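Quick caveat, the model's predicted, so the values are computed rather than measured. What's counted below: heavy atoms across the whole structure, side chains too, no hydrogens, waters or symmetry copies. Order of the sequence lines fixes the chain letters, A, B, ..., with proteins taken first and strands second; residue numbering starts at 1 for each chain.
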There are 2 protein chains.
Amino acid sequence: MADLTDPQALAWASYQRMRVRLSGVLGRELAAATGLSEADFEVLVAVNERPDESVRSLALRCGLEWEKSRLSHQLRRMEQRGLITREACEEDSRGSAVRLTPRGRELACEARKHYDAAVKRYVMDSLTPEQVAALAEISDTLLDRIEITHR
Amino acid sequence: MADLTDPQALAWASYQRMRVRLSGVLGRELAAATGLSEADFEVLVAVNERPDESVRSLALRCGLEWEKSRLSHQLRRMEQRGLITREACEEDSRGSAVRLTPRGRELACEARKHYDAAVKRYVMDSLTPEQVAALAEISDTLLDRIEITHR
DNA sequence: ACGTCAAGGTTGATGCATCAACTAATCTGG
DNA sequence: CCAGATTAGTTGATGCATCAACCTTGACGT
C-alpha cells in the first residue's frame with residue numbers, strides 16, 4: 001500500500017493533463033464545425049450506424065453505456081433542436097424508438113468526418129504504430145481491471 | 001487525409017471507453033470516501049500544496065489551467081460548504097485570496113490518500129513499468145502536439 | 001387470474017463546465 | 001495626469017451528468 005512512485009505520479013499527471021486538453025480541443029472543433037456537442041455526436045452516430053431507420057432507446061442505452069435518465073434528457077434536447085424524433089415502440093409499449101431527422105442524418109455524417117479527421121490529426125499522426133498499439137493495450141488492460149473489480 | 005485504419009479506430013474506441021470508465025470509478029470512489037467531487041479535490045489539493053496559507057485566485061487559476069468563471073463558481077460552492085474562505089487581496093484590490101478551512105485542510109489530506117490509493121489500485125498495479133512509461137510518453141507527445149497547434 | 005416485482009422511460013433537482021456580459025481596479029502612452 | 005485599454009473576478013444563462021422519485025407496462029410465480 002505504498003504511495004505512488006515518482007514516475008507513476010508523473011505519468012498520471014501527464015495523462016490527466018492530456019485527457020483534459022485533448023477532449024477539450026476535440027469537443028471545441030466538433031462544436032465549431034457542426035454545432036454539436038460530443039453527447040449529440042455520440043447519439044447521432046450510434047443511431048446512424050444502425051441498419052434500421054429507427055432504434056429503441058434501450059438498445060441505444062446499452063450501446064452507449066449511458067444511464068437511462070441521461071439518455072432521456074439528451075434525447076429531449078435533441079428532439080427540441082430537430083435532430084431526432086421519438087415515437088412509440090410497438091413490441092413494448094413502455095419503450096420508445098428514436099429516428100434521425102434528415103438534418104440529424106446529415107449532421108451525423110458531417111460530424112463523423114470532422115471528428116475522425118481531428119483524431120487523426122491530433123492523435124494518430126503524432127504517435128508511432130507501436131504507441132497506438134501500446135495505448136490500445138493499456139486501455140484494454142485497465143478496462144479489464146475495472147470490469148473485474150466492479151462485477 | 002485518409003480515414004483511420006482499423007487498429008487506429010479500435011485503439012481510439014478502447015481509449016475512449018477506458019477514459020470514461022476510469023474517471024467514473026475514480027470520481028465515485030472519491031465521492032463515497034470523502035463527499036468531494038473531482039473539482040473540489042483539485043482545488044483543495046492545489047491550495048493545500050502551497051507553502052503559504054492563502055493563495056491568490058489568479059495563481060490557482062494558472063496552476064489548474066481553469067477558466068476564471070469556472071474557478072469563481074467552484075469557489076462559491078466550496079465556500080458555501082465550508083471548505084474554503086475568501087478574503088481580499090492586498091497587493092491588488094481586484095484580486096481575492098483563498099484559504100482552506102480546518103475542515104478543508106483535513107479533507108484535502110484524506111482525499112489525497114484515497115485518490116492516490118485508487119490510482120495505484122486501478123492503474124499502476126495493472127500496468128507494467130514499461131506501460132506506465134509508455135503512457136507518460138504518449139501523453140507528453142500528444143500534449144506537445146496540442147500546445148503547438150494551439151499557440 | 002392475480003399480486004408482486006422488475007424494467008423502460010420521464011421528471012425534477014443539483015452540481016459541474018462554458019460562454020458572454022458586466023464591474024471595478026490597474027496599467028500605459030502621451 | 002488622464003483616457004483608453006487590460007486584467008481580476010463575478011454573475012446569469014445554458015447544456016451536460018447524475019441521483020432519486022415516480023409512472024406505466026410487462027413478466028412471473030403461485
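Protein atom CE of A:M78 is 12 Å distant from nucleotide atom P of D:dA17, rounded to whole Å. Rounded to an integer number of Å, the gap from B:E65 CD to C:dT18 P is 12 Å. When the P atom of D:dT7 is taken as reference, atom CZ of B:R56 falls 13 Å away, rounded to whole Å. B:K68 has its NZ atom 13 Å from the P atom of C:dA21, to the nearest Å. One can place CD of B:E67 at 11 Å from P of C:dA17, the figure rounded to the nearest angstrom. If you measure from atom CG of B:L58 to atom C1' of D:dT6, you get 13 Å, rounded to the nearest angstrom. Per the geometry, CG belonging to A:L75 stands 15 Å off P belonging to C:dG8, to the nearest Å. Whole-Å rounding puts the B:E91 CD to C:dC27 C1' distance at 16 Å.
With D:dC16, C:dG8, D:dG9 as the candidates, the nucleotide lying closest to the side chain of A:D40 is D:dC16.
Under the stacking definition used here (centres under 5.5 Å, planes under 30°), the residue A:H73 fails to qualify as stacked on the base of D:dT18.
If you check every strand for non-hydrogen atoms under 4.0 Å, B:S93 touches sugar and phosphate atoms only. Contact annotation for B:S96: backbone-only contact, meaning every heavy-atom pair under 4.0 Å involves sugar-phosphate atoms and none involves a base. Nucleic acid contact for B:R77: base, since at least one base atom lies under 4.0 Å from a heavy atom of the residue. Looking at heavy-atom distances under 4.0 Å, B:S57 makes contact with sugar-phosphate atoms alone, never a base.
An OP1 or OP2 oxygen of C:dC16 is reached within less than 4.0 angstrom by a side-chain nitrogen or oxygen of B:S37. Between A:R28 and C:dC19 there is a side-chain N or O to OP1 or OP2 distance below 4.0 Å. A sub-4.0 Å separation between OP1 or OP2 of C:dG15 and a side-chain N or O of B:R81 is absent.
Rounding to the nearest 0.5 angstrom, the gap separating the CG atom in A:L71 from the CG atom in A:L64 is 7.0 Å.
Classification of B:D116 and B:R112 as a salt-bridged pair holds, one side-chain N sitting under 4.0 Å from a carboxylate O. Salt bridge present: B:R81 and B:D40 bring a charged side-chain N and a carboxylate O closer than 4.0 Å.
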Discussion item. Working note: A:R145 + B:D125, criterion salt bridge (charged side-chain N to carboxylate O under 4.0 Å, His left out); need CA distance, chi angles, decisive distance, verdict.
Written reply: CA-CA 10 Å; A:R145 170 70 163 168; B:D125 288 352; 5.0 Å; no
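When every heavy atom of A:S54 is checked against every heavy atom of A:R99, the shortest pair comes out as CB-NH2, 3.9 Å.
A donor N or O paired with an acceptor N or O is found under 3.5 Å between the base of C:dA7 and the side-chain atoms of A:R94.
Summary of the strand contacts: B:G24 and B:R76 both lie near DNA chain D, and taking for each the nucleotide with the nearest heavy atom, the more 5' one is attributed to B:R76.
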